[in-house]
There are 2 protein chains.
Amino acid sequence: MATGQGGATEMNTAMQRALAAAEARCLRAGAQLTELRRQVLALVLEAEQPLGAYALLDRLKAQRPGAAPPTVYRALDFLLEQGLIHKVERLNAFVGCVEAEHDHGHHQHPPQFLICRTCGATVELSDHAVAHALADAARRVGFQVANATVEVEGLCARCTEAAPAG
Amino acid sequence: MATGQGGATEMNTAMQRALAAAEARCLRAGAQLTELRRQVLALVLEAEQPLGAYALLDRLKAQRPGAAPPTVYRALDFLLEQGLIHKVERLNAFVGCVEAEHDHGHHQHPPQFLICRTCGATVELSDHAVAHALADAARRVGFQVANATVEVEGLCARCTEAAPAG
DNA sequence: ACTGCTGCCGTTACTATATAACCTCAGACA
DNA sequence: TGTCTGAGGTTATATAGTAACGGCAGCAGT
Ligand SMILES: [Zn+2]
Ligand SMILES: [Zn+2]
Ligand SMILES: [Zn+2]
Ligand SMILES: [Zn+2]
């Protein structure tokens, strides 16, 4: 393991910082980051790839044997509302928001994802040019944008190198 | 009904043209637009909104009583491969491709959708500026784009007028 | 203390979406 | 004829998501 990523059990510093930031953010929003919600958030954050609700449920059961689908879906709904995680529609899976820690004061920014076909790695972008192009295109037909899903599938840099002669 | 849109039973000229174009397109691709596939395509095209697989299945059963989920999913897979329809990921639903008739020689162009929250109307765009912005953003991080999902939720022009004081 | 209210969550049951696996048949072709 | 392929019927199952009810802690008003 060359990545230095901590496993599920040991709580590394990055994770602790992220959870503390989430806590602070919820406090400001007048929302309660309960033990359950924190557990689900930690499971999402410690995964290196987007996880489906049932994958999260399986892992959650280690800590909370009685957990059922509504347990995890309710927690996910909360985390989505707080802007702490995103849903990747194409994968029916959830990832931590990379901007949640920075917290520029706004919930729910519109994310863009690059999803690698080969290794499954998913990277979150917030490209303004893309957002603007989209807003322009919508405005041209009189459409008011509330919320945009942008998910690109393809080959990440590492996998492109590994398989050059496509 | 002021739209002039034909119902499910009467086959209007626009539909006939679309089906003929699909036929031609499949012929060129060496693919068979069988009766089943044509029926499913017609069901998708005659709907004014994106339809889910099971909604299509229900309608298909009128013509094909034995139809089951694999029946419709296999037809949908074929139509997706031929670029005759698209899937709207956020709705788990399918729409006809507005460009299928023009047929610039390429299958599978990357679509962009504007989905109205209020009336459900879904419009397909093919905005080059958006596609380029996205390709640029991806290239900047060494990502090779294969396929992009762009789905914007919001208020269409008509619904914006109807509810001005949001 | 009693009451009523709210938010969180356990629990059961269910709906919706999608796929696996196996089989038959028809057409192409050696 | 044997065999291969693609289409699709059929059954069962996997995966994703929700509805509905009930308990219980915390808090406000009386
Ligand atoms: Zn984000
Ligand atoms: Zn990769
Ligand atoms: Zn299209
Ligand atoms: Zn509308």
Closest-nucleotide ordering on DNA chain D, the 5'-leading residue of A/Ala55 and B/Ala31
B/Ala31
Calculate the interatomic distance between A/Leu79 atom CG and C/dC9 atom C1'; express it in whole Å.
15 Å
For C/dC9, does OP1 or OP2 lie under 4.0 Å from any side-chain N or O of A/Thr71?
no
For A/Phe78 and for A/Gly66, locate the closest nucleotide of DNA chain C by heavy-atom distance; then report the residue assigned to the nucleotide nearer the 5' terminus.
A/Phe78
Between D/dT18 atom P and A/Leu57 atom CG, what is the distance in whole Å?
15 Å
Would you list the atom pairs, donor with acceptor, under 3.5 Å between side chains in residues 112-125 of chain B and any protein atom, with sequence neighbours excluded?
unit_1   : atom_1 : unit_2   : atom_2 : d
B/Gln112 : OE1    : B/Asp127 : N      : 2.7
B/Gln112 : NE2    : B/Asp127 : O      : 3.2
B/Arg117 : NE     : B/Glu153 : OE2    : 2.6
B/Thr122 : OG1    : B/Gly120 : O      : 3.2
B/Glu124 : OE1    : B/Val98  : N      : 3.1
B/Glu124 : OE2    : B/His86  : NE2    : 3.0
B/Glu124 : OE2    : B/His109 : NE2    : 2.9

Give a yes or no on whether a salt bridge exists between B/Asp136 and B/Arg139, defined as a side-chain N under 4.0 angstrom from a carboxylate O.
yes
Nearest whole Å is fine: how far is D/dG6 P from B/Glu81 CD?
12 Å
Show the numbers, then the answer: is there a salt bridge (charged side-chain N to carboxylate O under 4.0 Å, His left out) between A/Arg38 and A/Glu23?
CA-CA 9 Å; A/Arg38 188 200 324 279; A/Glu23 190 100 44; 2.5 Å; yes
Could you tell me which non-hydrogen atom of A/Arg25 sits nearest to which non-hydrogen atom of A/Gly83, and how far apart they are?
NH2-O, 4.0 Å
Between A/Leu57 and A/Lys61, is there a side-chain heavy-atom distance shorter than 4.5 Å?
yes
For B/Tyr73 and C/dT19, do the ring centres fall under 5.5 Å apart while the planes stay under 30° apart?
no
Residues within residues 86-94 of chain B bordering DNA chain D, heavy-atom distance below 4.0 Å
none
Compare every heavy atom of B/Leu19 with every heavy atom of B/Leu33, then report the nearest pair and how far apart it is.
CD2-O, 4.4 Å
Whichever of A/Pro70 and B/Gln32 has its nearest DNA chain D nucleotide further upstream toward 5'
B/Gln32
Residue A/Arg74, side-chain atoms from C-beta onward, closest of D/dG9, C/dA18, C/dG10
C/dG10
Length of the line joining B/Leu36:CG and C/dC25:C1', which is rounded to integer Å:
15 Å
Could you give the OH-to-C1' distance, from B/Tyr54 to D/dT18, as a whole number of Å?
17 Å
How many whole angstroms separate atom CG of B/Leu33 from atom C1' of D/dA7?
13 Å
Between atom CD in A/Glu35 and atom P in C/dC9, what is the gap in whole Å?
10 Å
Taking only side-chain nitrogens and oxygens of A/Arg64, does any of them come within less than 4.0 Å of OP1 or OP2 of C/dG10?
yes
Step-by-step side chain to side chain donor-acceptor pair (under 3.5 Å) determination, A/Glu89 to B/Thr149:
CA-CA 9 Å; A/Glu89 297 287 340; B/Thr149 298; over 6 Å; no
Identify whether any heavy atom of B/Arg37 sits under 4.0 Å from a base atom; if not, whether one sits that close to sugar-phosphate; answer base, sugar-phosphate or nothing.
sugar-phosphate
Atom CD of A/Gln39 to atom P of C/dC9: distance rounded to whole Å?
10 Å
